[in-house]
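Quick note: residue numbers are just sequence positions, from 1. Basis for what follows: all heavy atoms, side chains included, without hydrogens, waters or symmetry-related copies.
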Amino acid sequence: MSENVVHLHKHTAPLAADPATVTTLTVVPDAPPARPVPLWVRSGRAVRTVVTHERTTATVRAVARHGLYTFNGGRIVARRAWDGRTGARYERLLRAAEAAGNYEAAEEWEERLQRFRDARHRRRMDLLHSPVDAAKGLAVGTGMGIGVLVALGIVMAINTGTVGDVITPLSATIDFLAALIRIVQVVWGPAVTIGPFLALLALWAVGRKQQAAPNWALPANVRSGEGEPITPSIVVKALRDLGVPALARAIKEMGDAGASMLGPIRIAGCGVEVDVTLPSGVSTVEVQNRRRKLAENLTRHEHEVFITLPAAARTVRLWIADSGALDEPIGPSPLVTDETLTADYAKGRAPWGQDLRGDAAALSLYQRHLLITGLSNQGKTAALRALALWLALDRTVEFRVADLKGAGDWAMFDGLATVLIQGPTDEHVVQATEMVEGGVSEMERRLTAPPGTAFPPLIVLVDEAQVAFMCPLLDADKRPYGGSKATSRYFMAARKIHNQGRAVNVLLWQGTQDPTDQNLPKLVREGAHTRAALALGTESQARMALGDKAVDGGAAPNLLRPGLDKGTVVVASDGIAIPAGQASITVRTHYIDTETATEVADRAKRLRDGVTTLRVLERGEERDPLTDIAAVFGQAPRLVTQDVLKRLSALNEDAYGKWTFADLRRVLEGTGAEPYKSDGRMVVARERVTRALANRDAGGSASAD
């Protein structure tokens with residue numbers, strides 16, 4: 001027999017049923033009622049809802065605002081009255097002139113103060129005699145007035161023939177005075193009652209006009225202040241409220257003349273610029289360290305205010321952007337808009353972008369090693385590539401490029417660069433290291449050349465160089481490729497080029513992420529003549545990227561907004577125009593996307609005779625020496641045999657690293673491209689090698705071993 005359990009409430013009555021079909025009824029009592037919420041809890045919630053309601057907060061702000069309008073309006077009126085009755089205004093201006101070191105103005109204000117005091121003394125002395133003079137004047141005036149009225153009454157009496165008209169003017173005057181007294185008696189009561197309210201209304205009007213209330217109590221449209229023009233009073237108030245006690249005290253003593261600290265406010269691009277001479281006892285560092293608070297006091301965002309140190313002592317230079325102006329794009333690069341643009345390595349300047357003033361920012365690349373760094377995805381590669389694209393328009397410049405990210409950002413240099421490495425693996429780092437070491441070999445060859453020899457520019461460019469410094473591989477001699485020790489191959493090759501490369505136009509350009517002592521050694525970063533940084537995470541990284549001098553002078557790439565200030569770089573270099581007294585300049589670089597960069601690169605290729613790019617291949621694969629020899633010429637019509645061997649070694653160290661002149665002659669023997677002597681040196685002609693390769697392929701001959 002199955003047992004069915006039925007849940008019923010307590011009040012369910014028992015049911016009679018056949019015993020054969022008995023259903024067991026289990027009675028379940030009602031669930032206990034929910035525990036009531038205490039009254040004090042509900043009251044607290046209601047109070048909190050009321051207190052935090054938008055209407056409540058708006059009402060509180062309105063009450064506080066209008067109350068403070070009246071109170072502070074009274075203070076303003078009292079201050080004005082005190083200034084009008086005393087020499088306080090002159091004393092403040094005198095102290096301000098002394099604080100600013102303007103002693104000529106101080107003497108003038110002191111003279112004006114003395115004249116004011118003399119005039120006030122004369123007025124007070126005159127008051128001692130005024131009661132007697134007033135009484136005499138009143139007696140004389142009253143007598144004369146009565147006499148005039150009586151004379152007028154006599155004339156009226158003669159005219160009318162009525163003797164009583166003699167006192168008619170005097171009686172009318174008395175009645176008029178009595179009427180005035182009655183009017184005053186009627187008006188006086190209401191005037192006494194309403195007068196205080198009218199006075200409070202006047203004080204409220206003064207306070208409202210001056211917005212004399214805290215920022216939190218002001219209306220939203222006034223409180224935001226977005227786009228508010230920068231005036232001397234706004235700058236002085238922002239400095240006063242900066243939280244520097246000595247600065248606040250000095251400005252308070254100066255009063256409204258605090259603007260004497262300011263130089264002229266000049267239009268500077270999409271903002272304004274002003275020099276502030278700080279009072280004695282206030283350090284420029286105290287202002288620099290409060291950049292965010294200063295920006296907020298000026299109703300700007302932090303990234304819209306830049307603080308630098310000009311040459312003048314105890315002076316800070318403020319550049320204040322128009323609200324929202326830095327979020328607007330700056331327009332396309334001249335590389336894109338001007339298809340006739342060419343480059344000049346020695347005398348030209350690369351059009352990189354615009355400075356904060358809105359002026360074109362152009363960078364000289366002549367004999368300057370370059371380092372650019374920043375957080376990931378901030379536009380580092382695009383900024384570095386823009387410089388290389390401009391320089392590629394000078395047909396004399398040779399590029400050797402290693403892109404250790406391998407995302408195709410430098411693919412357009414296929415046909416421009418004589419060496420192009422693209423990839424993030426350790427093997428690519430090995431190839432990039434050998435490429436840089438090839439640059440060292442070329443530098444050493446040039447250094448030993450006869451005096452007066454002209455050398456075309458060679459740019460050895462490594463993007464994502466931190467991958468090379470962090471590489472853990474060891475070579476056959478147990479020397480590390482990465483690291484920062486004297487045994488590190490990449491580190492030592494970079495150091496050698498930094499030490500002597502610029503003298504023979506062999507330059508090293510590096511781009512790297514998140515600089516640290518591990519992925520960007522100190523000696524390498526300090527060897528760059530041009531150092532640029534996009535947005536960074538910390539001040540210590542900013543010092544690594546730009547150096548202590550630039551950061552101490554106001555450079556702050558760590559205050560740029562990651563993701564929002566893409567392409568904005570802080571540059572420390574003598575190759576760019578930097579305002580006098582500053583150690584760096586902020587540049588908003590032009591953005592050239594990959595597709596457009598390819599078009600610019602195609603223009604550069606058309607300026608050249610044709611460059612065969614040596615793509616470094618995988619090690620251990622079968623090589624065709626004659627094809628490789630033809631490839632290493634690039635655009636050179638001929639090369640000395642030693643250069644051919646060096647380029648073959650850079651192409652593939654395993655295959656050609658141990659080659660000698662005999663090996664080269666063996667491969668070229670019988671092809672018609674054998675080495676020959678020119679100007680006392682053994683050379684190989686590109687045309688002969690190309691013809692030999694074509695003849696061999698046409699004849700179907702096998703590759704040389």
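- Checked by atom type and distance alone, the side chain of W319 pairs as donor or acceptor with a backbone atom of A268 at under 3.5 Å.
- Distance check: Q518 CD to L520 CG gives 10.5 Å after rounding to the nearest 0.5 Å.
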- Intermediate values then yes/no, salt bridge (Lys or Arg N to Asp or Glu O under 4.0 Å), E674 and R688: CA-CA 8 Å; E674 296 85 350; R688 295 183 182 184; over 6 Å; no
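- Ring orientation note: the planes of H498 and H369 are tilted relative to one another, at an angle of 30° to 60°.
- Between the side chains of Q367 and N505, at least one donor N or O lies within less than 3.5 Å of an accepting N or O.
- Here the closest heavy-atom approach between residue K646 and residue S441 is recorded as NZ-O, 3.6 Å.
- If you check the side chains of E539 and Q541, you find no donor sitting under 3.5 Å from an acceptor.
- For the pair R349 and A577, the tightest heavy-atom approach, listed with the atom from each and the gap, is NH1-N, 4.5 Å.
- Put simply, the side chain of D477 never gets that close to the backbone of R479: no donor and acceptor are under 3.5 Å apart.
- Using a 4.5 Å heavy-atom cutoff, the side chains of F399 and L391 are in contact.
- Within a 6.0 Å sphere centred on CD of E526, other residues, nucleotides and ligands contribute more than 12 heavy atoms.
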- Task: Start with the C-alpha distance between W509 and L387, add both sets of side-chain angles, then the distance that settles side-chain contact (heavy atoms from CB on, under 4.5 Å), and finish with yes or no.
- Result: CA-CA 10 Å; W509 291 9; L387 297 176; 4.1 Å; yes
- Message: For R446 and E442: C-alpha separation, side-chain torsions, deciding distance, then whether salt bridge (Lys or Arg N to Asp or Glu O under 4.0 Å) applies.
- Response: CA-CA 6 Å; R446 295 182 178 190; E442 174 64 14; 2.8 Å; yes
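- Proximity of a side-chain donor or acceptor of D565 to a complementary backbone N or O of R561 within less than 3.5 Å is detected.
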- Message: V436 vs Y490, test: side-chain contact (heavy atoms from CB on, under 4.5 Å). Steps then yes/no.
- Response: CA-CA 7 Å; V436 178; Y490 182 87; 3.8 Å; yes
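- A salt bridge links R489 with E437: the distance from a Lys NZ or Arg NE/NH1/NH2 to an Asp or Glu carboxylate oxygen falls below 4.0 Å.
- When atom types are taken as modelled, the side chain of T530 and the backbone of L370 share no donor-acceptor pair closer than 3.5 angstrom.
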- Message: As a quick check of understanding, evaluate side-chain contact (heavy atoms from CB on, under 4.5 Å) for E687 and T690, giving each step before the final call.
- Response: CA-CA 5 Å; E687 182 181 358; T690 303; 5.8 Å; no
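- Nearest heavy atom pair, residue V401 against residue A417, reads CG2-CB, 4.0 Å.
- R525 pairs with exactly one of D517, T512, T373 by the side-chain hydrogen bond (donor to acceptor under 3.5 Å, both in side chains) rule, that one being D517.
- Of all the heavy atoms in V397 and I459, the pair that sits closest is CG1-CG1, 3.7 Å.
- Without hydrogens or angle criteria, E273 side chain to I267 main chain gives no donor-acceptor distance under 3.5 Å.
- With respect to the salt-bridge test (charged N to carboxylate O, under 4.0 angstrom), the residues K605 and D602 qualify.
- A donor-acceptor pair under 3.5 Å is absent between the side-chain atoms of R691 and the main chain of A673, judged by distance alone.
- Put simply, the side chain of R608 never gets that close to the backbone of G415: no donor and acceptor are under 3.5 Å apart.
- One finds no salt bridge joining D628 and R647 here, because no Lys/Arg side-chain nitrogen approaches an Asp/Glu carboxylate oxygen to under 4.0 Å.
- Between R368 and D574, at least one side-chain nitrogen of the basic residue sits less than 4.0 Å from a carboxylate oxygen of the acidic one, meeting the salt-bridge criterion.
- When atom types are taken as modelled, the side chain of T308 and the backbone of G554 share no donor-acceptor pair closer than 3.5 angstrom.
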- Message: What verdict does the salt bridge (Lys or Arg N to Asp or Glu O under 4.0 Å) test give for R638 and D643, after you've listed the backbone C-alpha separation in whole Å, the side-chain angles of each residue and the deciding distance to 0.1 Å?
- Response: CA-CA 10 Å; R638 63 182 182 177; D643 286 347; over 6 Å; no
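- The two residues P351 and W390 come nearest to each other via the heavy atoms CD-CD1, 3.4 Å.
- Across A388 and L461, no two heavy atoms sit closer than the pair CB-CD1, 4.2 Å.
- Side-chain atoms of R543 do not come within 3.5 Å of backbone N or O of V551 as any donor-acceptor pair.
- Ionic pairing of E669 and R666 is not present here: no N-O contact between side-chain nitrogen and carboxylate oxygen is shorter than 4.0 angstrom.
- When atom types are taken as modelled, the side chain of R495 and the backbone of A486 share no donor-acceptor pair closer than 3.5 angstrom.
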